[in-house]
Amino acid sequence: MTVTPQFLMMALNLHDDTLTQRLNELHDRLLETVPVVDRIACALYDENDDVLKTFINSTRAGEAITGYEYKLSDSHALSALAASGEFRVLDNIEHALQSDTVHNTWLREQGYRSSFTVPFYDGGSLAGFVFFDSMQAAAFTPQVQRDLVLYTNLISMVIASELSAVRSVLEATRVARELAEVRDFETGSHLERMARYSRVIARAVAPRYGRNDEFV
C-alpha cells in the first residue's frame, strides 16, 4: 500500500511525550503497510567532533544497540551518502558488510539480512541517518524504498522540531557562559567542562537506570 500524505500528517501529530515513543508508534503504523521492517534507528551527527551517535530506535527483532559512537570519516560508504544525499540498499548484509566494526558485528549477530539507509539534513547540513533493517534478505524493493523515504522525511521533521527546542536551550546556555567569561574566564571554562562531564556521567549511569540515548 502506498503511503499517502494524509497518513503522514496523521503520524506527524502523534501525542506521545518522547521521540522514542513517537518512533515506536510510527513503526506500528508502518508495519501495517510494510511488515518487513524489523528495526528503525536514527543516529545523530555531531559536526564538531565528526561523530555519529546512536539516538532513538524502535527494535522489534533483535537487541537494540545503544551508547555507540563512530567517526563519520572512518566510514567511506556513509561519508559518500552524506555528501551525495543518496540512499543505500544492502540486500545481503552478511556479504556486503565484511569489516568488523562494532556496528557491523552487531548487525550480523542480530540476524538482520538486509538494510536501507537514508541520510537526513537540517538547514542544509547533515543531521544524521535513518537505518531500516529487516530479517529478510532483499526486503527493500523499489516500492518499499519510496515509502521509507517518505517516512524518513517525517522522522527528520519530528527530530528537527525537537532539536530546535534543544538548540534554544543550548544557545541560552552559551550566552550565559559568555557573560560569565566576561566577568571570570575560569567560570566560563568551568561551565563548559561541566557540560562535558554531565554527558559522560549520563552515559555511564544510563544502563543502570534503564535510560536510553535520547535521555543522554
Side-chain angles (χ1 to χ4, degrees), residues 16 18-46 51-72 74-82 86-120 127-145 147-149 151-152 154-156 158-159 202-216:
D16 289 308
T18 70
L19 287 177
T20 298
Q21 290 171 327
R22 295 179 199 176
L23 186 64
N24 279 321
E25 186 168 341
L26 187 64
H27 196 175
D28 285 339
R29 298 181 181 184
L30 173 61
L31 289 173
E32 296 174 5
T33 57
V34 189
V36 296
V37 178
D38 293 302
R39 171 180 177 257
I40 307 173
C42 306
L44 294 185
Y45 178 60
D46 184 339
V51 169
L52 282 172
K53 305 174 182 179
T54 52
F55 182 44
I56 58 176
N57 75 86
S58 177
T59 303
R60 304 305 169 85
E63 183 177 342
I65 183 172
T66 59
Y68 179 62
E69 299 182 359
Y70 189 77
K71 277 193 172 293
L72 177 62
D74 288 342
S75 172
H76 175 74
L78 292 182
S79 295
L81 290 184
E86 297 178 352
F87 47 77
R88 179 183 71 177
V89 179
L90 299 179
D91 287 329
N92 190 320
I93 287 177
E94 185 68 30
H95 291 163
L97 300 179
Q98 296 294 326
S99 64
D100 291 327
T101 65
V102 172
H103 182 258
N104 289 351
T105 300
W106 171 83
L107 278 173
R108 292 192 293 265
E109 288 176 348
Q110 302 311 305
Y112 295 124
R113 300 187 63 194
S114 59
S115 71
F116 182 57
T117 304
V118 187
F120 65 95
F129 292 87
V130 179
F131 302 94
F132 300 92
D133 298 299
S134 176
M135 292 293 189
Q136 298 182 30
F140 300 99
T141 64
Q143 177 60 57
V144 169
Q145 292 173 36
D147 286 351
L148 294 184
V149 167
Y151 271 92
T152 298
L154 171 62
I155 292 168
S156 67
V158 174
I159 291 177
R203 289 190 64 193
V205 303
R208 183 185 307 172
Y209 294 103
R211 298 292 188 170
N212 57 21
D213 289 317
E214 182 182 353
F215 167 80
V216 174

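Values reported hereafter were calculated over all heavy atoms of this structure, with side chains retained and with hydrogens, waters and symmetry mates removed.
You'll find the side chain of Arg60 reaches within 4.5 Å of the side chain of Asp28, heavy atoms only. Counting heavy atoms from C-beta outward, Ser114 and Leu90 have side chains that stay 4.5 Å or more apart. When side chains are defined from C-beta on, His27 does not count as touching Asn57, because their heavy atoms never get closer than 4.5 Å. The shortest distance between side-chain heavy atoms of His103 and Tyr70 does not fall below 4.5 Å. Using a 4.5 Å heavy-atom threshold, the side chains of Ile40 and Phe116 count as separate. Looking only at side-chain heavy atoms (C-beta outward), Leu148 and Val130 stay at 4.5 Å or farther from each other. Contact check for Tyr68 versus Leu52: no side-chain heavy atoms found under the 4.5 Å cut-off. Residues Glu69 and Arg203 are in side-chain contact: their nearest non-hydrogen atoms beyond the backbone lie under 4.5 Å apart.
Checking side-chain atoms of Tyr112 against main-chain N and O of Phe132 turns up no donor-acceptor pair under 3.5 Å. Under a 3.5 Å cut-off, the side chain of Glu63 and the backbone N or O of Gln110 do not form any donor-acceptor pair. The backbone N or O of Met135 lies less than 3.5 Å from a partner atom in the side chain of Asp38, making a donor-acceptor pair. Within the 3.5 Å criterion, the main-chain N or O of Gly62 finds no donor-acceptor partner in the side chain of Thr59.
In summary, the side chains of Ser58 and Asn24 do present a donor paired with an acceptor at a separation below 3.5 Å, with no hydrogens or angles considered.
In terms of heavy-atom proximity, Phe87 sits nearest to Pro119 at CA-CD, 4.5 Å. Arg88 and Ala77 get closest at one heavy-atom pair: NH1-CB, 3.6 Å. Across every non-hydrogen atom of Phe131 and Ala43, the tightest pair is CE1-CB, 3.9 Å. Residues Phe140 and Val89 come closest through the heavy atom pair O-CG1, 4.1 Å. The two atoms that bring Ser115 and Asp133 nearest to each other are CB-OD1, 3.1 Å, heavy atoms only.
The structure places CZ of Arg108 at 7.0 Å from CG of Leu97, a figure rounded to the nearest 0.5 Å. The structure places CG of Leu78 at 4.5 Å from CZ of Phe129, a figure rounded to the nearest 0.5 Å. Atom OG of Ser75 and atom CG of Asn104 lie 8.0 Å apart (nearest 0.5 Å).
Partner of Ile56 under the side chain to side chain contact (heavy atoms under 4.5 Å, CB included) criterion, out of Thr20, Val158, Leu44: Thr20 alone. Tested against Glu25, the residues Arg29, Arg22, Gln21 include a single side chain to side chain contact (heavy atoms under 4.5 Å, CB included) partner, Arg29.
Remark: Arg113 CZ is loosely packed, at most 12 non-hydrogen atoms of other residues, nucleotides or ligands lying under 6.0 Å away.
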side-chain contact (heavy atoms from CB on, under 4.5 Å), that's the test. Do Phe120 and Ile155 meet it? Break it down for me. CA-CA 9 Å; Phe120 65 95; Ile155 292 168; 6.0 Å; no
Kindly indicate, with the supporting measurements, whether the criterion side-chain contact (heavy atoms from CB on, under 4.5 Å) is fulfilled by Tyr151 and Val37. CA-CA 12 Å; Tyr151 271 92; Val37 178; over 6 Å; no
